[in-house]
Amino acid sequence: MAHLTQNPADKERFICVYPIYINSKKTLAEGRRIPAEKAVENPSCAEIRDVLTAAGMNVYVENKMHPREWNRDVQFRGRVRVQVKQADGSLCQDKFTSRKDVMFYVAEMIPKLKTRTQKSGGGDTSTQQGEGGKKSKKKKK
């Protein structure tokens, strides 16, 4: 595939990270690219962007969809472009040598986000609510 530019600092040359690449709910055939044990459950583009921005990477989000993503929901929409190499060809950060390194790092850090840790804590009160709602109807003769 011929690229429009050879400069690794151009936005067209940034690597793409779709949420489906690190989604533990997806199979390899459905687009996951890392092992399921290391993947995250239903990551969003915003979470990927937040993690990589906090790591000091040059990131921007595009309103694109992965071709294997069948769900057209807004939650699954988006693609994150990440700059891995600078204009002279050197790495932006030494810990990110390849696109797999970026995916593993994002999958490791998303569960530690505040939005993820707060959601899991408040689920206990709503589980007891549904028990008293059903009444048994008797047959009319």
Side-chain angles (χ1 to χ4, degrees), residues 1-140:
M1 182 173 127
H3 295 286
L4 297 173
T5 177
Q6 295 297 317
N7 183 4
D10 281 347
K11 290 195 172 192
E12 296 94 47
R13 301 283 288 151
F14 286 13
I15 65 163
C16 297
V17 179
Y18 287 97
I20 200 170
Y21 290 170
I22 58 171
N23 191 345
S24 63
K25 295 278 190 187
K26 300 291 181 184
T27 63
L28 287 174
E30 290 171 333
R32 181 172 43 82
R33 291 197 176 180
I34 62 174
E37 310 86 56
K38 295 187 178 182
V40 185
E41 187 175 320
N42 296 328
S44 69
C45 272
E47 291 173 329
I48 296 171
R49 182 199 62 217
D50 292 346
V51 165
L52 290 172
T53 306
M57 299 296 285
N58 190 4
V59 177
Y60 74 99
V61 179
E62 297 174 321
N63 190 19
K64 302 280 187 178
M65 285 205 57
H66 191 273
R68 291 187 196 153
E69 181 60 74
W70 54 269
N71 194 337
R72 299 281 178 227
D73 214 6
V74 178
Q75 175 190 355
F76 299 103
R77 183 174 284 278
R79 167 172 79 187
V80 180
R81 304 286 306 252
V82 186
Q83 181 181 4
V84 178
K85 292 186 179 178
Q86 294 171 345
D88 59 355
S90 64
L91 296 171
C92 290
Q93 289 193 14
D94 292 333
K95 63 181 173 181
F96 300 126
T97 57
S98 66
R99 61 185 69 224
K100 287 273 191 195
D101 288 342
V102 173
M103 287 185 233
F104 282 130
Y105 177 78
V106 170
E108 181 186 328
M109 295 308 287
I110 283 180
K112 298 175 184 173
L113 285 174
K114 285 184 181 176
T115 55
R116 288 278 174 138
T117 53
Q118 288 171 350
K119 283 181 185 175
S120 61
D124 297 335
T125 55
S126 62
T127 55
Q128 297 173 353
Q129 211 169 12
E131 293 175 15
K134 288 187 178 180
K135 293 183 179 177
S136 58
K137 291 187 177 180
K138 294 181 181 176
K139 280 188 177 179
K140 293 181 180 177

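Here the structure is a predicted model, which means the values were calculated and not measured. Counting begins at 1 with the first residue of the sequence.
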State, yes or no, whether a side-chain contact exists between Tyr105 and Val51 at a heavy-atom distance under 4.5 Å.
yes
Begin from the C-alpha positions of Glu69 and Lys26 and carry the test side chain to side chain contact (heavy atoms under 4.5 Å, CB included) through to its verdict.
CA-CA 10 Å; Glu69 181 60 74; Lys26 300 291 181 184; 3.6 Å; yes
Lys38 with Glu108: basic N within carboxylate O range, under 4.0 Å:
no
Is there a side-chain contact between Ile48 and Val59 in this structure, where contact means two heavy atoms from C-beta onward sitting under 4.5 Å apart?
no
How far apart are the closest heavy atoms of Thr117 and Pro111, and which atoms are they?
CG2-O, 3.7 Å
Arg49 backbone acceptor or donor facing Thr53 side chain under 3.5 Å:
yes
I'd like to check Tyr60 versus Val82 (side-chain heavy atoms, cut-off strictly below 4.5 Å). Are they in contact?
no
Please report the closest heavy-atom contact between Ala107 and Ala39, naming both atoms and the distance.
CB-CA, 4.4 Å
Give every residue pair that meets the side chain to side chain donor-acceptor pair (under 3.5 Å) criterion with at least one member in residues 15-25, sequence neighbours excluded.
Tyr18-Arg79, Tyr21-Arg33, Asn23-Asn42
Contacts of type salt bridge (Lys or Arg N to Asp or Glu O under 4.0 Å), residue Arg77, not counting sequence neighbours
none
Crowding at CG, Asp94 (>12 non-hydrogen neighbours, <6.0 Å):
no
Scanning both residues in full, the closest heavy-atom pair of Pro19 with Gly78 reads CD-O, 3.5 Å
The reported gap from CG in Leu52 to CG in Asp50 (rounded to nearest 0.5 angstrom) is 9.5 Å
Do Thr27 and Glu30 make a side-chain contact, defined as non-hydrogen atoms from C-beta onward lying under 4.5 Å apart?
yes
For residues Phe104 and Pro35, determine if any side-chain heavy atom of one lies less than 4.5 Å from a side-chain heavy atom of the other.
yes
Under 4.5 Å between any side-chain heavy atoms of Cys16 and Val80, yes or no?
no
Is there a donor-acceptor pair closer than 3.5 Å between any side-chain N or O of Gln83 and the backbone N or O of Lys85?
yes
Heavy-atom nearest pair, Val40 first then Pro43, reads O-CD, 3.6 Å
Pairing residues for Asn63 by the side chain to side chain donor-acceptor pair (under 3.5 Å) criterion, not counting sequence neighbours
none
Which heavy atom of Met103 sits nearest a heavy atom of Ile34, and at what distance?
CB-CG2, 3.9 Å
Close side-chain approach of Glu47 and Leu113, heavy atoms under 4.5 Å:
yes
